Each structure stands twice: as structure tokens, then as C-alpha cells.
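Below: the structure, in C-alpha cells.
A quick note: this is a predicted structure, and the numbers were derived from the prediction, not measured.
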Amino acid sequence: MYSTNQQLSLSTMGCGTWAWGNQLLWGYDESMDNQLQEIFNLCVRNGVTLFDTGDSYGTGRLNGRSELLLGKFSKEYLGVGKDDICIATKLAAYPWRLTRKSMVSACQSSAKRLGRNVDLVQMHWSTANYAPWQEGALLDGLADLYQQGLVKGIGLSNYGPLRLKRVQPKFAARGVPISTLQVQYSLLSTYPVTQLGIKEVCDELGIKLIAYSPLALGLLTGKYSEKGPFPKGIRGLLFRQLLPGIRPLLTSLREVAQSRNKTMSQVALNWCICKGSIPIPGAKTVAQATENIGALGWQLNASEIAELDYAAANVGKKMVQNIFQTK
């Protein structure tokens with residue numbers, strides 16, 4: 001059990017684990033597990049100690065796989081940074097989760113898969129767009145988890161500023177701080193920040209912004225061209241649609257990367273950090289994790305950020321927004 005004065009440890013960059021167990025979109029299979037353990041170890045050794053997961057991660061029979069793997073990896077890791085490991089899970093607002101107790105039970109199930117308490121528990125999405133009556137009890141459940149000492153902190157995901165301002169006072173009235181808010185944020189998905197203004201509201205309320213999909217599912221890595229080859233499945237269809245329209249952005253990203261002797265991925269991640277967010281890129285290979293870590297320890301200058309901002313603002317087709325993102 002946590003005491004309410006135990007602080008969350010949030011690293012400058014985290015690691016997203018959506019792919020760890022997802023066969024449909026990311027082609028996961030269990031033979032990858034040893035490499036995923038190496039990725040986990042490499043991240044922690046290099047100060048990337050925030051791991052983001054969700055109780056809905058893992059397809060079909062592998063549901064919950066991401067949490068199970070993180071639990072195993074964190075237990076077996078004995079190196080530097082072990083005490084800083086922060087496991088953040090997101091609880092899905094499933095239609096059958098209707099009571100505050102259902103959220104407490106869901107978090108307890110996550111903790112069982114992890115073999116340890118959840119550090120940061122998050123509401124995976126708001127139901128405001130389709131079932132606003134459902135949301136109140138689920139948020140009460142999050143606050144209960146904090147007050148009962150079952151988590152160190154609570155967070156939200158896919159909330160916009162209007163919805164955030166509506167729910168934050170309810171937490172404040174119970175003495176429960178909202179630690180984090182995560183949104184889809186990258187050079188190809190600036191909508192929550194530039195159009196909704198979520199960063200200013202987070203700053204005002206003392207909430208740390210987490211950027212998921214900071215590499216736009218791989219579009220910003222520079223590893224894919226309009227001629228292909230493309231990833232399999234849904235990502236491939238999306239890449240075919242978006243790559244022609246984002247050519248000027250990729251050109252700017254490539255130019256900055258070359259001048260800095262960095263990769264395009266590293267520049268895209270560093271941009272997120274410079275914007276005051278914690279990016280949580282995924283990694284399926286040690287090489288990808290190593291590249292992501294290379295985004296740390298340096299900073300883009302004001303003119304480079306302005307150049308990338310301009311290119312991002314003038315993209316023909318932007319990334320598809322999460323349907324659960326509220327205003």
C-alpha cells in the first residue's frame with residue numbers, strides 16, 4: 001500500500017508498450033519476449049523508467065499480456081534505476097464497467113498481472129462523447145484507488161481542456177491531484193495542443209502532459225517512403241494515405257536530423273520534450289529502443305523548433321485523431 005505522500009517518479013521520456021502483446025496491429029508473438037526484456041533493461045539503465053501500458057493491451061487470448069510482461073521484467077531486473085521504475089496502466093472504460101468498485105477491481109486485476117501495485121492509474125478514455133452518464137462513477141473509482149493507497153497517482157487520457165476543467169474540481173474536492181494527462185501528440189498530431197490548448201490548461205492545473213504515438217505509428221521515423229514497402233494491415237493503409245501529404249514535414253525533419261547528426265526519430269522525440277511533454281515511444285527491438293534513448297541528453301534550439309512547427313502546421317493530411325478525444 002502507498003501513502004499519499006509517496007511521489008511518482010516520471011522520467012523525461014517513457015516507453016509505450018501497446019505493441020507488447022498486440023498481434024493485430026504490431027505483429028507480436030511470444031518469441032519476442034526475450035528481446036522485450038532486453039528493451040526493458042536497456043531503458044531502465046538509461047533513465048527511461050516510465051512504462052505505459054493498459055489493461056486492454058494484448059489481442060484475443062493475449063489480453064493483459066503487456067501487463068504480465070512488465071510485471072515479469074520489473075521483478076527480474078536488478079540493475080541501476082530499479083527503484084525509479086514507474087508502471088502506469090490505463091483502465092478501459094468498457095460498457096460493463098459502471099460502478100466505482102468496477103474500477104477498483106480492474107486496478108486490482110492489473111496489479112495481480114503485474115505482481116506489484118500500479119504506480120500511476122489512468123482512465124483510458126472519457127465516455128463523454130457517447131455515454132456521459134457512465135463517466136462519474138469511473139472517475140470516483142480512480143479517486144478511491146488513490147485515497148485507499150493502492151496507487152501513487154492518477155491520470156487521464158484523451159481528455160481535452162473543457163472536459164478536464166469539468167472533472168478536475170471533483171478530484172480536487174476529494175484532495176486527489178491529477179498527476180498526468182496523455183494525448184496523441186506529435187509533429188503529425190498537434191491538434192490537442194495547438195487547437196485545443198490542452199498544454200496551457202495542464203500547466204495551470206499542475207498536470208504533466210504525456211505524448212503517446214510521438215512518432216505517429218512510425219510515419220516520422222523516415223523509414224517508409226511513398227513507394228513502399230509499407231507495414232502490414234491497417235498501418236499500411238494509413239501510410240499509403242498520409243505519406244504523400246507529409247513530404248515537406250519529413251524533409252524538414254530530415255534536414256534538422258542531418259545537421260544535428262541525429263536520426264529523424266530522435267529529432268521528433270526531442271521536439272515533444274522541448275514542448276514540455278513526456279513522449280512514450282514504443283519499441284519492439286533493441287535497436288529501436290537504443291535509437292529512442294538517443295533523443296535524450298541534448299535539445300533542439302529555438303530556430304529548429306520554429307522550422308519544425310512551421311512544417312507541422314502546413315501538413316496536407318494530418319494523423320487520424322483518436323475517436324475518444326474530447327474537447
Side-chain angles (χ1 to χ4, degrees), residues 15-29 32 35 39 52 54 56-60 62 66 124-125 129 157-158 182-196 211-258 262-272 275 277 279-285 287-289 291-292 295 307-325:
C15 178
T17 63
W18 180 21
W20 299 10
N22 188 301
Q23 292 174 313
L24 185 66
L25 198 66
W26 297 104
Y28 166 83
D29 73 68
M32 295 171 155
Q35 179 147 226
I39 290 167
D52 182 77
S56 62
Y57 286 179
T59 47
L62 296 171
S66 175
H124 205 152
W125 64 83
N129 289 347
S157 181
N158 297 306
Q182 62 170 284
V183 292
Q184 180 180 307
Y185 185 43
S186 71
L187 279 162
L188 202 50
S189 177
T190 59
Y191 170 77
V193 173
T194 57
Q195 288 174 259
L196 293 182
Y212 74 78
S213 288
L215 297 175
L217 301 181
L219 280 162
L220 296 174
T221 63
K223 293 167 187 172
Y224 300 94
S225 76
E226 295 165 49
K227 296 173 185 175
F230 301 101
K232 293 176 184 175
I234 303 166
R235 281 175 72 222
L237 293 173
L238 187 67
F239 283 27
R240 282 184 175 88
Q241 288 175 2
L242 293 180
L243 277 166
I246 67 170
R247 195 182 306 152
L249 171 60
L250 293 179
T251 299
S252 287
L253 200 52
R254 189 173 289 108
E255 286 171 357
V256 172
Q258 286 172 347
K262 301 291 181 185
T263 68
M264 290 168 67
S265 294
Q266 289 164 348
V267 171
L269 293 172
N270 195 274
W271 177 87
C272 288
K275 291 292 182 178
S277 70
I280 49 169
K284 289 194 300 176
T285 66
Q288 286 174 342
E291 185 175 3
N292 291 345
E307 180 187 336
L308 292 169
D309 285 349
Y310 179 82
N314 290 282
V315 161
K317 264 192 173 183
K318 296 187 189 293
M319 191 69 181
V320 178
Q321 289 301 304
N322 191 309
I323 57 168
F324 293 122
Q325 175 67 49

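Ring centroids of F239 and Y224 are separated by less than 6.0 Å, placing the two rings close together.
Taking each heavy atom of L308 and L249 in turn, the nearest pair found is O-CD1, 4.4 Å. When all heavy atoms of L269 and A295 are compared, the pair lying nearest together is CB-CB, 3.6 Å. Pairing each heavy atom of P214 with each of S186, the nearest pair is O-CB, 3.2 Å.
Proximity of a side-chain donor or acceptor of T17 to a complementary backbone N or O of D52 within less than 3.5 Å is detected.
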Mind running side-chain contact (heavy atoms from CB on, under 4.5 Å) on L196 and Q325 for me, showing each step along the way? CA-CA 11 Å; L196 293 182; Q325 175 67 49; 3.9 Å; yes
May I have the step-by-step check of side-chain contact (heavy atoms from CB on, under 4.5 Å) for N322 and Y212, ending in yes or no? CA-CA 11 Å; N322 191 309; Y212 74 78; 3.0 Å; yes
Stepwise side-chain contact (heavy atoms from CB on, under 4.5 Å) check, V256 with W271: CA-CA 11 Å; V256 172; W271 177 87; over 6 Å; no
Set out, in order, the CA-CA distance, both residues' side-chain angles and the distance that settles side-chain contact (heavy atoms from CB on, under 4.5 Å) for F230 and R235, then state yes or no. CA-CA 8 Å; F230 301 101; R235 281 175 72 222; over 6 Å; no
Working note: E291 + K223, criterion salt bridge (charged side-chain N to carboxylate O under 4.0 Å, His left out); need CA distance, chi angles, decisive distance, verdict. CA-CA 13 Å; E291 185 175 3; K223 293 167 187 172; 2.9 Å; yes
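Residues M32 and T285 are not in side-chain contact: their nearest non-hydrogen atoms beyond the backbone lie 4.5 Å or more apart. Within the 4.5 Å cutoff, the side chain of Q321 has heavy atoms near those of the P192 side chain. Taking 4.5 Å as the limit, every side-chain heavy atom of Y191 sits out of range of all side-chain heavy atoms of V183. Between L250 and L219 the shortest side-chain heavy-atom distance does not fall below 4.5 Å. Side-chain atoms of C15 and W20, non-hydrogen and from C-beta on, do get closer than 4.5 Å to each other.
The distance from the OG atom of S157 to the CZ atom of F324 is 10.5 Å, given to the nearest 0.5 Å. Atoms CG and CD1, from N292 and I280 in turn, are 11.5 Å apart once rounded to the nearest 0.5 Å. Between the CG atom of L215 and the CD atom of Q266 there is a distance of 10.5 Å, given to the nearest 0.5 Å.
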